[in-house]
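Numbering of ligands and ligand atoms starts at 1, following listing order.
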Amino acid sequence: MSSTTTPSTVTSPGEYAAAVEAARTAAAAYYADGTQAMDDDVYDALVRAIAAWEDAHPDEVLPDSPTGKVAGGTATGDVPHTRPMLSLDNVFNAEQLTAWAAGLERRLGRPVEAWAVETKLDGLAIAARYQAGRLVQLITRGNGTEGEDVTAQGAGHILGLPERLARPETLEVRGEVLLTREQYEAATTARVHAGGDPFSNPRSAAAGSMRTKNRPYEVEWTFFGYSALPLDATSPSLAADLAALPHSGLLDLLTDLGVQTSAAALAGAIRYDTLDGVLARIEEIGDARAGLGFGIDGIVIKTDPALDQEQAGFSSRAPRWAIAYKLPADTKITKLLAVEWEVGRTGIIAPRAVLEPVEIGGVIVTYATLHNAADITRKGLLIGDQVTVYRAGDVIPAIEAPLVAVRTGAETPIAIPEVCPRCGSDIDRTQERWRCTLGRACNAVASIDYAVSRDALDIEGLGHTRIVQLVDAGLIEDFADLFTLTREQILGLDRMGDISTDNLLAALETAKQQPLARVLTALGVRGTGRSMSRRIAKHFATMDNIRTADTEALQHVDGLGPEKTPVIVDELKDLAPVIDKLVAAGVNMTEPGAVPPGQEPAGDASDLPLAGKSVVVTGSMTGPLADLTRNEMNELIERAGGKASGSVSAKTALLVAGDKAGSKLAKAESLGVPVMGPDEFADLVTAFLSS
Ligand SMILES: NC(=O)c1ccc[n+]([C@@H]2O[C@H](COP(=O)([O-])OP(=O)(O)OC[C@H]3O[C@@H](n4cnc5c(N)ncnc54)[C@H](O)[C@@H]3O)[C@@H](O)[C@H]2O)c1
Ligand SMILES: [Zn+2]
């Protein structure tokens, strides 16, 4: 069901009827049985095309048309709602939001005094009725007027929606029920274990499992409330509060009653006095999206005062006092073409999915991670499957699930290797992530490539082909062997003259002086990267201290917890022969300026120009900083006493903004974070420029 099979324009009555039929089928799958088979973007384009045709041909609108209906007119129910449960209208950018806000203020005849900003949670809307503090009924949105009773499936299994309130109140709480990524994994595993098909994504899993009676597997959901209404027996004082409280106050009231609200979905304020504040918060939510642990498909902006809401009222489909600011979809549907097995530089054997190229969040995705063989089995994937692919922020795209409902029968099983696909050795299957029993030696070239790269030992003139030559000639087995190469050995290589040999020997001499952090990076210890290597080196000051540190001692390093430290200790044992060779060759094993744990620092670190400051770099650097990689910029910041960070927050002390700085600059400005250009920053840290 790629976009090529669905028209985005409708030019004839026949195409119109076909589009209505296609949208109805998709919406029915989406809302009714949780087997989504069409991308949201594709569905939205289809509905826009239908609406455009209807605007031009108002007399030809089919009764089945999804336009203007809650749930596209496909969902039903038999429990009448106290008040309709509606949809939300959409905007897609700041201009549209500003225009919408202006329209609302015109309608009200006064400025909106405050806005409430929440995440648009991607689950299903639920009405939860409480009588005297007890949860008595759960109802889906259905067609907006009548919903379905799902009390038996849901009550007692939804985190954040208690069976008993903190006070014996009678009221209806409304909000979104969703599955966090963790809950989704658990639900899918449980369903597959019970003989069912995997759910295609968290949203459809939340809806599908809520509507399934007598499931052979358990599901746990999460609830975030965003509205509350009186019922017949509601006490007069609570009814008065519900009518008069601003939206933000209503959330506080729900929190007091023990209900989790949209305010708990993301740290930060709900209420904003100006539209600029709203826009900055939208940025912030967009940045935080990938780390939330559950899906959001936008941001909901509402007028905060109750009176505004009352006066603005509703259209037949949506409230006029709220709008959804849509974010680009982070999940798309495409085809799984093949699975490749790759051996990484540490010997890890990882499957990688080859996809029919698909655009997600402005990036064309052609590969996705499939963590390990167990992941493939758990998901029940087949080659040729239509699959949902999830990509958020900088996260590596991952396959979520196959769309079992649209299989054609032509799909084929994925071959799982019996031996290491690179060298034919046995596979160590004791861990979830399989490893070649040769370990690093299986792909020595890859680990040496990494060790000499710019952000590790930075050995100039030692490219990939040269490394392959050296390994093939049996001259080196790991990067430590580089430091004991003789002039004759190097000269003996194909296309290696006197000058390049001397240059390489000089580059190797220089590399011996690299700080410990870079030596540690070069070792490629599993569970650490460049910035973690810097932190470890800084904390322990010498390689000896690192090698004698136990898991306990390692946990004193910021960001190292009990899961990672045993791996690091094991890795350092594994790497002992390489480290010994490095030491013997005279490679530096200390971190300049660092003081071992338990010793008093010699100088005063608070004299450093960036002492204690969190600094973020964005855009491209110019002037004296033009040649520095982002990693080298971070090293510079740390040498000058600062803390390098990747994202702007209220805690950021300084943003270094170069050319083409984008959202980070906008955010820093909205938060009042000081901003500096590359030249000014270079002046500030000039004493630390050469490492
Ligand atoms: N892929 C498909 O086949 C398919 C089919 C039908 C619909 N859809 C998708 O569904 C969407 C439209 O459906 P809709 O009407 O269910 O939802 P909507 O996008 O119109 O939004 C309304 C819903 O948002 C939810 N919501 C989440 N957070 C909220 C908050 N903080 N405050 C208030 N409400 C909040 C509520 O459940 C509410 O019912 C479209 O984006 C469309 O792409 C997809
Ligand atoms: Zn191997």
Side-chain angles (χ1 to χ4, degrees), residues 1 6 22-32 34-48 66 69-75 84-90 116-127 140-144 147 174-178 200-201 203-204 206-207 224-227 247 251 261-263 265-266 270 285 294-302 317-319 321-327 329 331-333 341-344 347-349 388 403 417 419-428 434-444 446:
M1 308 281 141
T6 314
R24 262 197 90 78
T25 310
Y30 183 87
Y31 291 107
T35 59
Q36 177 176 353
M38 189 186 280
D39 272 332
D40 286 355
D41 289 0
V42 177
Y43 178 82
D44 292 342
L46 190 61
V47 173
R48 275 198 300 275
K69 293 181 187 145
V70 169
T74 58
M85 288 182 82
L86 299 177
S87 250
L88 287 169
D89 289 330
N90 295 324
V117 186
E118 301 166 351
T119 51
K120 184 167 189 289
L121 304 147
D122 200 8
L124 68 149
I126 282 277
T140 63
R141 187 178 66 169
N143 60 16
R174 289 181 177 182
E176 201 81 352
V177 171
L178 54 78
S200 56
N201 61 51
R203 196 211 57 82
S204 75
F224 293 103
Y226 45 69
S227 128
H247 183 69
L251 299 184
T261 72
S262 52
L266 176 65
I270 288 287
I285 295 178
F294 51 82
I296 64 170
D297 60 343
I299 293 129
V300 183
I301 299 106
K302 302 170 180 170
R317 203 191 80 97
W321 42 266
I323 196 88
Y325 184 108
K326 290 287 245 182
L327 292 172
T331 303
K332 288 282 183 76
I333 297 170
W341 295 82
E342 298 202 309
V343 183
I348 297 276
I349 301 169
T388 40
L403 302 183
V419 293
C420 170
R422 197 183 150 82
C423 72
S425 300
D426 285 340
I427 296 175
D428 174 0
W434 292 357
R435 247 186 130 192
C436 170
T437 46
L438 283 189
R440 283 185 171 74
C442 175
N443 197 354

Quick one: nearest non-hydrogen protein atom to atom 34 (N) of ligand 1, plus distance? Tyr226 CZ, 3.5 Å
Does some side-chain heavy atom of Arg422 sit less than 4.5 Å from a side-chain heavy atom of Leu438? no
heavy-atom search around atom 31 (N) of ligand 1 in the protein gives Glu118 OE1, 2.6 Å
Determine yes or no for a side-chain-to-main-chain donor-acceptor pair under 3.5 angstrom, with Asn201 supplying the side chain and Arg203 the backbone. yes
Pick from Arg317, His247, Glu176: the one approaching atom 26 (N) of ligand 1 most closely through a non-hydrogen atom: Glu176
Side-chain touch Val117/Tyr325, heavy atoms, less than 4.5 angstrom: no
Could you tell me whether the side chain of Tyr31 reaches within less than 4.5 Å of the side chain of Arg141, counting heavy atoms only? yes
Looking only at heavy atoms, is any part of Ser262 under 4.0 Å from ligand 1, and if so is it the side chain, the backbone, or both, or is it neither? neither
How far apart are the C-alpha atoms of Leu46 and Met38, what are their side-chain angles, what is the distance that settles it, and do they pass the side-chain contact (heavy atoms from CB on, under 4.5 Å) test? CA-CA 11 Å; Leu46 190 61; Met38 189 186 280; 4.1 Å; yes
Say whether Asp297, considering both its backbone and side-chain N or O atoms, lies within less than 3.5 Å of an N or O atom on ligand 1. no
Sort by chain and number the protein N/O/S atoms that are closer than 2.8 Å to the Zn ion (ligand 2), and list them. Cys420 SG, Cys423 SG, Cys436 SG, Cys442 SG
Which of the numbered atoms in ligand 1 are below 4.0 angstrom from a heavy atom of Ala27? 5 (C), 6 (C)
Given Ile296 and Asp122, is the side-chain contact (heavy atoms from CB on, under 4.5 Å) satisfied, shown in steps? CA-CA 5 Å; Ile296 64 170; Asp122 200 8; 5.6 Å; no
Check: Cys420 and Cys442 side chains under 4.5 Å, non-hydrogen atoms: yes
Distance to 0.1 Å, residue and atom name: give those for the protein heavy atom nearest to atom 7 (C) of ligand 1. Tyr43 CE2, 3.4 Å
for atom 12 (C) of ligand 1, nearest protein heavy atom and its distance come out as Tyr31 OH, 3.6 Å
Is the closest N or O pair between Met38 and ligand 1 shorter than 3.5 Å? yes
Please report whether ligand 1 has a polar contact with Thr119, defined as an N or O pair separated by less than 3.5 Å (distance criterion only). yes
Within a strict 4.5 Å, meaning less than it, do heavy atoms of the Asp41 and Lys332 side chains meet? yes
Should the proximity of Leu86 to ligand 1, defined as any heavy atom under 4.0 Å, be assigned to the side chain, the backbone, both, or neither? backbone
Please classify the Asp39 to ligand 1 contact at 4.0 Å (heavy-atom distances, strictly less than): side chain, backbone, both or neither. backbone
the protein heavy atom lying closest to atom 28 (N) of ligand 1 turns out to be Leu121 N, 3.0 Å
Please determine if Leu88 has a nitrogen or oxygen closer than 3.5 Å to a nitrogen or oxygen of ligand 1. yes
Side-chain heavy-atom pair Pro421, Val343 within 4.5 angstrom cut-off: yes
Decide yes or no for Tyr226 and Lys302: does some side-chain heavy atom of the first lie under 4.5 Å from some side-chain heavy atom of the second? yes
Within the 4.5 Å heavy-atom criterion, are Lys69 and Asn143 side-chain neighbours or not? no
Within the distance-only criterion (no hydrogens, no angle test), does the side chain of Arg317 pair as donor or acceptor with the backbone N or O of Leu88 below 3.5 angstrom? yes
Test your reading of the model: is there a side-chain donor-acceptor pair from Ser425 to the backbone of Cys436, 3.5 Å cut-off? no
Minimum heavy-atom separation for Ala23 to Pro66, with atom names? CB-CG, 3.9 Å
Can you tell me which residue and heavy atom of the protein come closest to atom 42 (C) of ligand 1, and the distance to 0.1 Å? Asp44 OD1, 3.1 Å
Atoms of ligand 1 less than 4.0 Å from Ala125 heavy atoms? 37 (O), 39 (O)
What residue and heavy atom of the protein are closest to atom 23 (C) of ligand 1, and at what distance? Arg141 NH1, 4.1 Å
For atom 15 (O) of ligand 1, what's the nearest protein heavy atom and its distance? Ser87 OG, 2.4 Å
Tell me whether Asp428 contacts the main-chain N or O of Arg435 through its side chain, where contact means a donor paired with an acceptor under 3.5 Å. no
What one should report as the nearest heavy-atom pair of Phe224 and Ala265 is CE2-CA, 3.6 Å
Only heavy atoms of Lys302, strictly under 4.0 Å: list the atoms of ligand 1 that pass. 30 (C), 32 (N), 33 (C)
Any nitrogen or oxygen of Lys326, side chain or backbone, less than 3.5 Å from one on ligand 1? yes
Is there any N or O on Asp40 that sits under 3.5 Å from an N or O of ligand 1? yes
